Amino acid sequence: MNSKHSYLMDAYSRQEISFASGSGIRLWDNDGVEYIDAISGVAVTSLGHSHPEIASAIAEQASQLMHTSNLFKIDWQERLGEKLCSISGMERAFFCNSGAEANEAALKLARLHANANNVSDPVVVVMEGSFHGRTLATLSATGNPAVHCGFSPLVPGFMHIPFNDIESIHRLADQVPNIVAVLVEPVQGEGGVNAASQEFMQTIQHLCHEKNWLFMVDEVQTGMGRTGAWFGHQNVDVKPDVITLAKALGNGFPIGSCLARGRAAKLISPGKHASTFGGNPLACRVGCSVVDIMERDKIPANALIQGKRLLQGLKTELGDHSEVLAIRGEGLMIGIELSNPCESLVQRALVEHRILINVTRKNIIRLLPPLICNENETDEIVARVSDLVRKTSSH
């Protein structure tokens with residue numbers, strides 16, 4: 001569409017390029033120019049673009065049945081719930097349409113847990129630098145003042161502590177009697193690709209068990225193989241009460257899920273929570289296909305292997321660059337921290353290097369390539385990103 005006037009709300013700072021097709025890790029714009037996608041629609045298309053099995057599942061299910069509502073049993077929803085509980089160790093699943101909705105469900109579980117334990121004015125502990133969504137409750141939980149601007153008064157009931165600060169969580173445990181849950185990301189994506197330490201996560205788990213809090217892990221970005229395991233929390237050997245998922249679960253088709261076990265799995269009863277579109281036959285069949293493909297093709301293991309290759313390649317190429325402060329990551333989730341703001345690199349990467357990247361926290365290049373990358377494709381990402389960064393000092 002070439003019209004200068006857009007009827008869309010001005011919610012996004014969009015690049016002018018529009019893509020017409022994709023295959024695997026590659027995209028083509030309306031002029032047929034080829035690009036490497038190193039962000040996967042922000043950790044969504046983890047099996048790559050136009051995956052033939054996903055496309056086939058969508059087409060076949062759309063021709064049979066798309067929606068009936070949750071007033072009736074949905075077989076594909078039952079199957080996906082079983083698959084997700086099997087790989088996560090959870091017991092029950094609730095299906096919705098996005099990561100924000102999944103986190104809303106988790107926060108409602110925290111409130112129900114408070115109610116069940118006669119806790120008034122309940123508090124959920126959340127992290128500075130976190131990101132949990134754009135609804136009023138999830139942006140209130142988010143530890144980034146920039147997303148709060150203009151939306152006061154925020155939803156009460158959240159206390160933010162520094163990420164990976166064990167002393168702070170112990171201090172709150174001693175001083176705040178009405179805590180009911182902790183919500184934490186295994187790796188902060190929007191926060192700059194910062195991983196939670198094993199000691200920090202295990203401390204949270206211990207306190208949750210000791211204090212009767214819910215241990216809730218936001219795996220919206222880290223889940224479904226991104227960090228080299230099915231879920232990011234598995235890398236630090238903890239087992240939460242609640243897990244939230246979305247993004248890669250549908251490989252581009254909107255779906256989210258809130259998984260729970262133990263006491264948390266029993267909190268939802270009819271009338272307590274719902275989603276009109278959540279868990280419809282089409283979305284859940286896609287989710288089942290994603291899980292099956294990831295299991296069959298050992299996608300989390302490939303993410304671990306290629307993630308190490310990508311991280312080492314970038315460190316080799318850029319480790320001594322004067323403007324590179326750090327290169328870090330888990331699996332195929334990489335952050336390159338620069339000494340200066342670098343938002344302009346997003347457009348330069350597109351125009352000059354034909355690669356899609358993302359910049360978060362103003363100075364951190366975030367890479368989230370599809371988990372199906374092979375060695376040659378990983379090396380190609382290293383080459384293009386390294387060339388981009390090396391040329392930053394000349395601009």
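Throughout, numbering of the chain's residues begins at 1 and tracks the sequence. Everything numeric in this text was worked out from a predicted model, so none of it was measured.
Of the possible polar contacts, none joining the Asp31 side chain to the Val33 backbone as a donor-acceptor pair under 3.5 Å is found. Using modelled atom types, one side-chain atom of Arg261 and one backbone atom of Lys239 make a donor-acceptor pair closer than 3.5 Å. Using modelled atom types, no side-chain atom of Asn117 and backbone atom of Val119 make a donor-acceptor pair closer than 3.5 Å. The closest donor-acceptor contact from the side chain of Arg328 to the backbone of Gly192 lies under 3.5 Å. At least one donor-acceptor pair under 3.5 Å links the side chain of Ser40 to the backbone N or O of Leu368. The backbone N or O of Ala57 lies less than 3.5 Å from no partner atom in the side chain of Ser289, so there is not a single donor-acceptor pair. Under a 3.5 Å cut-off, the side chain of Gln61 and the backbone N or O of Leu65 do form a donor-acceptor pair. Side chain of Asn251 to backbone of Ser46: a donor-acceptor contact under 3.5 angstrom is found. Between the His132 side chain and the Asn103 main chain, no donor and acceptor come within less than 3.5 Å of each other. At distances below 3.5 Å, at least one donor-acceptor pair connects side-chain atoms of Asn194 with backbone N or O atoms of Gly191.
Leu310 is not listed as a side-chain neighbour of Asp379, based on a closest heavy-atom distance of 4.5 Å or more. Between His206 and Phe215, every side-chain heavy-atom pair lies at or beyond the 4.5 Å cut-off. Looking only at side-chain heavy atoms (C-beta outward), Leu350 and Gln15 come within less than 4.5 Å of each other. In this structure, Met216 and Asp241 have side chains that are not in contact, with every pair of non-hydrogen atoms separated by 4.5 Å or more. No side-chain heavy atom of Gln306 sits less than 4.5 Å from a side-chain heavy atom of Glu377. Side-chain contact between Leu267 and Lys108 is absent, with no heavy-atom pair separated by less than 4.5 Å. Residues Ile336 and Ile364 fail the side-chain proximity criterion, which asks for heavy atoms closer than 4.5 Å. Side chains of Arg171 and Ser168 form a contact here, defined as non-hydrogen atoms less than 4.5 Å apart.
A donor and an acceptor atom, one from each side chain of Glu330 and Asn235, are located under 3.5 Å apart. Using modelled atom types, one finds a donor on one side chain and an acceptor on the other under 3.5 Å when comparing Gln312 with Thr316. A side-chain donor-acceptor contact under 3.5 Å links Gln77 and Asn70. Defined by atom type and a distance below 3.5 Å, a donor-acceptor pair is present between the side-chain atoms of Thr135 and Glu104.
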Checklist line | Chi angles and distances behind the salt bridge (Lys or Arg N to Asp or Glu O under 4.0 Å) call for Lys83, Glu295 | finding: CA-CA 10 Å; Lys83 289 177 184 292; Glu295 282 186 314; 5.2 Å; no
Next item on the list: Report the C-alpha distance between His160 and Phe158 in whole Å, list the side-chain angles of each, state the deciding distance to 0.1 Å, and finish with yes or no for ring pair (Phe, Tyr, Trp, His ring centres under 6.0 Å).
Entry: CA-CA 7 Å; His160 294 83; Phe158 298 102; 7.1 Å; no
Item checked: Residues Glu219, Arg226; criterion salt bridge (Lys or Arg N to Asp or Glu O under 4.0 Å); working and verdict -> CA-CA 10 Å; Glu219 296 267 11; Arg226 174 57 57 184; over 6 Å; no
Next item on the list: Output, in order, the C-alpha distance, side-chain angles, deciding distance and verdict of side-chain contact (heavy atoms from CB on, under 4.5 Å) for Thr276 and Ser69.
Entry: CA-CA 6 Å; Thr276 297; Ser69 88; over 6 Å; no
Item checked: Stepwise side-chain contact (heavy atoms from CB on, under 4.5 Å) check, Val125 with Leu172 -> CA-CA 9 Å; Val125 178; Leu172 279 190; 4.0 Å; yes
Check: Could you go step by step and tell me if Asp75 and Arg79 meet the salt bridge (Lys or Arg N to Asp or Glu O under 4.0 Å) rule?
Finding: CA-CA 6 Å; Asp75 289 340; Arg79 294 183 207 181; 5.2 Å; no
Notebook entry, point to check: Checking side-chain contact (heavy atoms from CB on, under 4.5 Å) for the pair Gln202/Val236: CA distance, chi angles, key distance, verdict?
Noted result: CA-CA 8 Å; Gln202 291 186 347; Val236 289; 5.8 Å; no
Next item on the list: In sequence, state the C-alpha distance, the side-chain angles, and the governing distance for Thr68 and Asn280, and then conclude on side-chain hydrogen bond (donor to acceptor under 3.5 Å, both in side chains).
Entry: CA-CA 7 Å; Thr68 60; Asn280 67 44; over 6 Å; no
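For CD of Glu16, the number of neighbouring non-hydrogen atoms (other residues, nucleotides, ligands) closer than 6.0 Å is 12 at most. For Glu34, the CD atom counts as densely surrounded, since its 6.0 Å shell holds more than 12 non-hydrogen atoms of other residues, nucleotides or ligands. For Arg92, the CZ atom counts as loosely surrounded, since its 6.0 Å shell holds 12 or fewer non-hydrogen atoms of other residues, nucleotides or ligands. Residue Gln64 places its CD atom among more than 12 non-hydrogen atoms of other residues, nucleotides or ligands, all under 6.0 Å distant. Few gaps surround CZ on Arg361; more than 12 heavy atoms of other groups in view lie less than 6.0 Å from it.
The side-chain hydrogen bond (donor to acceptor under 3.5 Å, both in side chains) test applied to Asn363 returns no partner, not counting sequence neighbours.
Closest heavy-atom contact between Ala110 and Val124: CB-CG2, 3.9 Å. Of all heavy-atom pairs between Asn302 and Cys373, the closest is ND2-O, 3.0 Å. In terms of heavy atoms, Cys96 sits closest to Ala102 at SG-N, 3.4 Å. Contact record, Phe95 with Gly81: CZ-N, 3.7 Å, taken as the closest heavy-atom pair. Contact record, Leu345 with Ile357: O-CD1, 3.8 Å, taken as the closest heavy-atom pair. The heavy-atom pair separating Pro370 from Thr45 by the smallest distance is CB-O, 3.7 Å.
Taking the six-membered ring for Trp and thresholds of 30 and 60 degrees, Phe19 and Tyr35 have ring planes more than 60 degrees apart, a perpendicular arrangement. Ring orientation note: the planes of Phe200 and Phe163 are nearly perpendicular, at an angle over 60° on the 30°/60° scale. Ring planes of Phe231 and His233: parallel class, angle under 30° (limits at 30 and 60°).
Look at Lys391 and Glu352 and you find no salt bridge, because none of the NZ, NE, NH1 or NH2 atoms lies under 4.0 Å from a carboxylate O. Taking the charged nitrogens against the carboxylate oxygens, Arg366 and Glu337 have no contact shorter than 4.0 Å, which rules out a salt bridge.
Under the 4.5 Å side-chain heavy-atom criterion for Ile, Leu, Val, Met, Phe, Trp and Tyr, Leu245 and Leu183 are members of distinct hydrophobic clusters. Linking ILVMFWY residues whenever their side-chain heavy atoms come closer than 4.5 Å, directly or via other members, places Met224 and Met90 in the same cluster. Linking ILVMFWY side-chain heavy atoms closer than 4.5 Å, directly or via other members, places Ile268 and Val242 in a single hydrophobic cluster. Linking Ile, Leu, Val, Met, Phe, Trp and Tyr whenever their side-chain heavy atoms come within less than 4.5 Å leaves Leu27 and Ile381 in two separate clusters. Hydrophobic clustering of Ile, Leu, Val, Met, Phe, Trp and Tyr side chains at less than 4.5 Å, counting indirect connections, unites Leu388 with Val324.
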